[in-house]
Structure formats: structure tokens, C-alpha cells
Amino acid sequence: MKNWKRTMVGLLSASLLILGACSAGQSVSGGESGIQERTIKAGIGLNEDHPEGQALMKFKEIVEEKTDGKIKVQTYFASQLGDDLQMTEALKSGTQEVTIPSTSPLVGMVKEFGLFDFPFLFNSEEEADAVLDGEVGQAVLEKLPEHNLVGLTYWENGFRNITNSKHPIETAEDFKGLKIRTMQNEVHLEAFQKMGANPTPMAFSEVFTALESKTVDGQENPLATIESNKFYEVQDYLSVTNHVYTPFVFLMSKTFWDKLSDEEKKIMKDAAVEAGKYNREINRKANEESLQNLKDQGMNVNEFSNEEKEKVQEQIQPVIDKFAKQFGEDLFNQMTEQLEELRQ
Ligand code: TK8
């Protein structure tokens with residue numbers, strides 16, 4: 001009898017302990033389901049009127065709707081919280097929850113992102129979608145958790161074009177001696193060096209002032225950015241080169257992610273993907289509209305012929321060969337094979 005009693009008491013206290021641990025687990029780490037009151041600080045480098053800004057507003061709308069306002073998204077634009085690298089650092093240390101930087105400045109951290117920085121790699125946005133949303137893009141996202149980051153999906157910055165204050169860029173020779181701001185990315189740096197330009201890497205938040213003060217002659221970015229950031233006020237010439245495609249990557253702090261319940265994680269992931277679809281759609285429309293608007297603003301616009309593109313491609317091939325080896329030849333080959341298949 002005594003023994004039986006002791007066993008019952010033992011069992012009871014053990015199960016109470018387990019119950020206690022479960023509920024503590026839920027309030028501390030989120031558990032498997034349920035939605036809690038949370039606030040997400042989300043910052044980007046571009047303006048709210050830019051397709052990336054519009055898509056961030058869409059992300060906010062979806063998250064707040066699906067969580068009945070329990071999870072709030074506070075939005076910050078125009079590098080208010082810092083540039084791409086600074087915001088990514090803030091995510092790593094857990095003081096900011098979301099940022100959506102260009103992948104290019106992150107190559108110092110995850111070298112494989114550099115595989116997307118090769119000039120003339122993608123022929124269309126659809127090719128970029130296929131690679132980024134496919135195995136190669138996903139394999140690169142898997143490198144992020146070891147840096148305390150979670151990559152939910154890719155958005156689109158897009159194909160880049162060159163502006164400058166000196167002269168139209170119509171031939172491969174026209175790059176010679178041009179002081180051009182590049183992203184903080186070694187592929188871009190070395191490619192422009194090979195083209196005879198004088199590249200200066202700097203954070204995006206410093207570009208307008210650098211152009212205005214003539215610290216640099218030019219810069220390169222997608223048309224929507226050239227318009228949204230009013231670079232036409234300090235740049236006379238726009239050459240439609242489409243020389244390289246830049247993805248955005250939707251990053252979440254892993255410190256924050258790990259606290260979320262499975263239900264909350266699904267809401268975040270779905271919202272990032274859905275807002276990303278919207279981002280790609282409006283970005284592609286904005287490109288067409290922006291070209292017209294930039295002409296209306298008085299920019300001198302010219303195309304860059306396929307013949308000249310081929311000359312540039314030849315100049316920069318050694319840079320691609322060098323970095324493909326450095327960033328991961330297997331992934332590079334997988335990507336080029338996928339692109340060849342798409343082109344058949
Ligand atoms: C915005 C940047 C920018 C990028 C650049 O944060 O740095 O030129 O194209 O748009 O990510």
C-alpha cells in the first residue's frame with residue numbers, strides 16, 4: 001500500500017513537471033502553434049514608392065491581416081535604420097527582425113551569393129526566377145542560418161543600367177576612365193576594372209551625395225531606383241546596358257525566427273513569398289514606366305548594342321572564371337546547366 005502510494009505521488013509530480021515544462025516552453029519559445037503579440041522592425045535601403053517599398057507594405061498588410069493584428073510590422077525606408085550591411089548585422093545580433101538587401105554586398109559573408117553577380121548571366125527576369133526559386137537559389141539560402149539569419153525567399157532588384165555625368169556610354173571603350181560607384185562586391189569591382197573604368201565601392205545610402213559632389217561620375221542601378229532616388233537630378237546620361245541582374249534576399253533574424261511557433265513561421269514564409277510575387281510583378285512594370293519618366297526628366301538615353309555587349313563579355317570573362325572557382329564550381333555548373341536547358 002505504501003509503495004503504491006509513493007508511486008502514484010511520483011507519477012503525479014512527474015506529469016506536473018512535464019506539463020509545467022510544456023507551458024513554460026510555449027510562453028518562452030512559442031511552441032508548435034499559436035500566435036503571440038510581436039513587433040517586427042523591417043528596414044530597407046530604398047524608398048516607400050519603390051517596388052521594393054511597395055512590396056514591404058504588402059508584407060506588412062498580409063502579416064497583420066493573417067494574425068489579426070497580433071503581429072505588427074513597423075516599416076523603415078531609405079536606409080533610416082542603416083545600409084544593407086548594417087541592417088544585416090542588426091539582424092545577426094537580434095536588434096532588428098527583417099531586412100531585404102541586395103545579395104551583392106553580402107558576398108563577404110556568404111560567398112555563394114556572388115554566383116548571381118556575374119554580368120550577362122541571366123537573359124531575362126524569368127531565367128533569374130527559375131534559378132533563384134530553384135535548387136541553386138535554395139542551396140544558397142541554406143548557408144544563412146550559420147550566420148544567425150534565415151532567408152525566406154528572393155525578391156527582385158533587377159537588371160542594372162549605367163548613368164553618368166560625363167558622356168553617353170555607347171561602346172565598350174566609353175567605360176575607360178569613368179569613375180563609377182559599384183556595390184561593395186568584388187565581382188563588380190574587378191569587372192569594371194577590366195572594362196577600364198575606375199570603380200569605387202560604397203554603400204547605397206552615400207550614392208546621391210557622391211554623384212552630386214562629383215566624387216564619382218556615375219553609378220549603376222535598375223531604372224526604378226534611378227527614378228525613385230532622383231539620380232536624374234545629378235546625372236545627364238543613361239545607358240540601357242542591362243549588364244547584370246541583382247536579387248534581393250528576404251532576411252529574418254534567426255534569433256527572432258527561433259521564437260516563432262510553426263504557425264507563425266508559416267505565416268511569415270507565405271507572406272514573404274506572396275509579397276515577393278507582387279514585388280516582381282510591379283518591378284517589371286515600373287521598369288517600362290521609369291524609362292519614359294527618365295526621358296521626360298530630360299535624361300539623355302541610349303541603348304547599348306549587342307555587339308558592344310559581346311566585347312564587354314570578352315573583357316570580363318577572366319573575372320567570371322576566377323570567381324566561379326572561388327564561389328563554388330559545382331553550384332556554378334548546376335546554374336549554367338539549368339540556364340542552358342531553359343534556353344533550348
Ligand atoms: C538598396 C540597395 C540598392 C542596390 C545598390 O538598399 O546598392 O545599388 O542596388 O538598391 O540594395
Side-chain angles (χ1 to χ4, degrees), residues 41-56 59 75-91 96 98-110 113-114 116-119 121-122 125 128 132 149 151 154-164 179-189 191-192 197 199-212 215-232 234-235 238 241-251 276 279-280 282-283 286-287 290:
K41 236 200 277 175
I44 59 171
L46 296 172
N47 298 324
E48 186 175 345
D49 71 3
H50 186 278
E52 188 191 25
Q54 292 296 296
L56 176 55
F59 173 78
T75 52
Y76 299 86
F77 301 96
S79 307
Q80 254 179 292
L81 298 181
D83 60 45
D84 283 352
L85 276 172
Q86 290 165 332
M87 287 191 284
T88 303
E89 283 304 320
L91 261 62
Q96 183 181 330
V98 166
T99 190
I100 314 154
S102 294
T103 51
S104 315
L106 306 185
V107 172
M109 178 179 77
V110 173
F113 273 134
F116 309 135
D117 284 310
F118 297 140
L121 174 71
F122 300 125
E125 282 100 353
L132 296 168
L149 296 166
Y154 293 96
W155 286 11
E156 174 167 283
N157 191 348
F159 283 103
R160 307 176 77 86
N161 300 291
I162 303 203
T163 67
N164 83 97
K179 262 191 157 181
I180 182 157
R181 175 270 174 174
T182 64
M183 289 187 282
Q184 293 140 303
N185 176 281
E186 44 193 340
V187 181
H188 290 204
L189 180 69
F192 278 108
T200 310
M202 69 177 79
F204 182 74
S205 48
E206 294 166 35
V207 178
F208 188 92
T209 311
L211 295 170
E212 191 177 35
T215 307
V216 292
D217 304 318
Q219 65 84 44
E220 40 91 62
N221 250 299
L223 297 173
T225 301
I226 297 170
E227 186 186 5
S228 171
N229 277 81
K230 298 192 164 46
F231 289 162
Y232 53 80
V234 286
Q235 299 276 273
L238 165 64
T241 48
N242 289 313
H243 55 281
V244 71
Y245 179 95
T246 308
F248 282 130
V249 59
F250 192 108
L251 297 179
N279 161 260
R280 285 173 176 175
I282 57 174
N283 198 51
N287 265 334
S290 293

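Whatever order the structure lists them in is the order used to number ligands and atoms, beginning at 1.
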Mark the output for Thr246 as yes if a heavy-atom distance to ligand 1 is under 4.0 Å, and as no if none is.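 Flag not set, Thr246 not near ligand 1.
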So, 4.0 Å and heavy atoms of Arg160: is ligand 1 close enough to count as a contact?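 Under 4.0 Å: yes for Arg160.
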Suppose we measure from atom 6 (O) of ligand 1 to each protein heavy atom; which comes out shortest, and what is that distance?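 Nearest neighbour among protein heavy atoms for atom 6 (O) of ligand 1, to 0.1 Å: Asp84 OD1, 2.8 Å.
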Can you tell me which residue and heavy atom of the protein come closest to atom 9 (O) of ligand 1, and the distance to 0.1 Å?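 Checked against all protein heavy atoms, atom 9 (O) of ligand 1 sits closest to Asn221 OD1, 2.7 Å.
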Keeping the roles fixed (side chain from Gln235, backbone from Asp217), state whether a donor-acceptor pair exists under 3.5 Å.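 Yes: the side chain of Gln235 pairs with the backbone of Asp217.
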Relative to the heavy atoms of Asn157, which atoms of ligand 1 are at a distance of less than 4.0 Å?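 It comes down to these atoms of ligand 1: 4 (C), 9 (O), 10 (O).
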What atoms of ligand 1 come within less than 4.0 Å of a heavy atom belonging to Met183?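 Near Met183, the atoms of ligand 1 are 4 (C), 5 (C), 7 (O), 8 (O).
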Using a 4.0 Å heavy-atom cut-off, which part of [X] comes near ligand 1: side chain, backbone, both, or neither?
{"X": "Arg181", "result": "side chain"}
{"X": "Gln219", "result": "neither"}
{"X": "Asp83", "result": "neither"}

Ligand 1 to Ser102 polar contact by distance, N or O atoms, under 3.5 Å: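 N/O-N/O distance below 3.5 Å exists for this pair.
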Would Gln219 and Thr163 count as a side chain to side chain donor-acceptor pair (under 3.5 Å) if you check the C-alpha gap in whole Å, the side-chain angles of each, and the deciding distance to 0.1 Å? CA-CA 6 Å; Gln219 65 84 44; Thr163 67; 3.1 Å; yes
Starting at OG1 of Thr215, measure out to NZ of Lys179 and round the result to the nearest 0.5 Å.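 That separation rounds to 7.0 Å.
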Should the ring pair Phe231 and Phe204 be called parallel, tilted or perpendicular, given that the plane angle runs from 0 to 90° and is split at 30 and 60?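 Rings of Phe231 and Phe204: tilted, as their planes differ by 30° to 60°.
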Ring-plane angle category for Phe250 and Phe59, please: parallel below 30°, perpendicular beyond 60°, tilted otherwise.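 Ring orientation, 0 to 90° scale: tilted.
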Per the side chain to side chain contact (heavy atoms under 4.5 Å, CB included) rule, which among Asp84, Asn185, Asn157 passes with Ser104?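 Among Asp84, Asn185, Asn157, the one that satisfies the side chain to side chain contact (heavy atoms under 4.5 Å, CB included) with Ser104 is Asn185.
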Going by the side chain to side chain donor-acceptor pair (under 3.5 Å) test, name the single residue among Asn279, Asn229, Thr225 that passes it with His50.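 Testing each of Asn279, Asn229, Thr225 against His50, the sole residue satisfying side chain to side chain donor-acceptor pair (under 3.5 Å) is Thr225.
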